[in-house]
Structure formats: structure tokens, C-alpha cells
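FYI, side chains are in, hydrogens and waters are out, and symmetry mates aren't considered; it's all heavy atoms of this structure.
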Amino acid sequence: FEFDYENASPGEPLICIWTRSRAFNEGNYEDVNKHGIVTDTVRYEFEKARGHFFFPGFDTLPADGYPDPWLTVDMEYECTYRGRRAFGLEYEFIYSSEFQ
């Protein structure tokens, strides 16, 4: 996800908790660093008081793979900043076994 922001305190974290309906592996463009997780807490820190935030994360399914022919995964993302709710997101991902 990505968004513009303003009035941030540099170094003050945006804390996000996400939950999925199925376990995934999580990482970034360099490495898969968490395996088989359903929920996690992530901290993002803003470098400037105003700017644009972009999170280039990715997920892969664990070794048990895709059911045939489709997999639907729900995900909820809730973020707080300075102890107050900043935003929440809900996703529904639909994967096809053709892309294994």
C-alpha cells in the first residue's frame, strides 16, 4: 500500500497489525523472512514530517500450495499512530492455481 502524509513526527512509528484467513510467508524484495504466519505487527517510521509512503512487501503461500482451482484469502490491516487509529484496510485476494 501507499499514501501521502503530513504533520508526522520523524521517528514516531506507524504501528500496523494485520490478520489473514490463511497462513502465508512474508518478506520484501530481498528475502522471505517470516514463514507460515497468520498475523503480525509491523512498525513503519516516517523520515520527514510530510511525504509519500510506499510499502513494497510481498507474500507467498506456504509449501502446501494452492487448492484447485481457486484460493480466496481475506486480510484485515489496522494501523495506529501516536496511540490513535490512523486507518484500516480490508482486502480479498483471489489466487488461481494456474499461476503456481
Side-chain angles (χ1 to χ4, degrees):
F1 60 87
E2 64 183 304
F3 55 87
D4 293 323
Y5 65 91
E6 56 186 43
N7 300 322
S9 296
E12 183 79 29
L14 175 70
I15 300 171
C16 299
I17 300 172
W18 59 258
T19 304
R20 287 193 187 92
S21 60
R22 181 181 169 100
F24 271 70
N25 299 327
E26 180 182 67
N28 56 39
Y29 61 92
E30 295 176 345
D31 189 22
V32 172
N33 52 22
K34 295 182 181 179
H35 299 270
I37 58 176
V38 175
T39 189
D40 197 11
T41 300
V42 185
R43 297 169 59 96
Y44 309 106
E45 291 189 11
F46 301 115
E47 296 178 6
K48 301 179 290 185
R50 181 179 187 170
H52 184 80
F53 180 81
F54 174 68
F55 177 68
F58 70 90
D59 304 311
T60 61
L61 281 170
D64 63 344
Y66 290 75
D68 195 21
W70 299 97
L71 168 65
T72 299
V73 178
D74 296 317
M75 179 177 177
E76 294 182 6
Y77 218 96
E78 188 76 25
C79 296
T80 60
Y81 186 70
R82 297 181 186 154
R84 299 178 73 186
R85 184 180 188 274
F87 62 89
L89 304 168
E90 292 183 7
Y91 298 99
E92 181 178 67
F93 300 101
I94 301 172
Y95 301 92
S96 169
S97 60
E98 294 180 25
F99 297 106
Q100 291 189 50

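- Under the 4.5 Å side-chain heavy-atom criterion for ILVMFWY residues, no single connected hydrophobic cluster contains both Phe87 and Ile17.
- Scanning for salt bridge (Lys or Arg N to Asp or Glu O under 4.0 Å) contacts around Glu45 gives an empty result, with sequence neighbours left out.
- Distance CZ/Arg22 to CG/Asp74: 12.5 Å, rounded to 0.5 Å.
- Tyr81 OH to Asn7 CG: the interatomic distance, rounded to the nearest 0.5 Å, is 9.0 Å.
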Expected list for residues 37-44: side-chain donor-acceptor pairs under 3.5 angstrom, two or more places apart:
residue: Thr39; atom: OG1; partner: Trp18; partner atom: O; Å: 2.7
residue: Thr39; atom: OG1; partner: Thr19; partner atom: OG1; Å: 3.3
residue: Asp40; atom: OD1; partner: Lys34; partner atom: NZ; Å: 3.2
residue: Asp40; atom: OD2; partner: Lys34; partner atom: NZ; Å: 2.5
residue: Tyr44; atom: OH; partner: Tyr77; partner atom: OH; Å: 2.6

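- Pro10 and Glu47 get closest at one heavy-atom pair: CB-O, 3.7 Å.
- In this structure, Phe24 is a member of the same hydrophobic cluster as Tyr91, with clusters built from ILVMFWY side-chain heavy atoms closer than 4.5 Å.
- Nearest heavy-atom pair, Leu14 versus Cys79, reported as atom, atom and distance to 0.1 Å: CD1-CB, 3.9 Å.
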Validation: residues 48-55 side-chain donor-acceptor distances under 3.5 Å, sequence neighbours left out:
residue: His52; atom: ND1; partner: Asp4; partner atom: OD1; Å: 2.6
residue: His52; atom: NE2; partner: Glu2; partner atom: OE1; Å: 2.6

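- Between Tyr5 and Phe3, the two ring planes are perpendicular [angle over 60°; tilted spans 30° to 60°].
- To the nearest 0.5 Å, the span separating CD on Glu76 from SG on Cys16 amounts to 13.5 Å.
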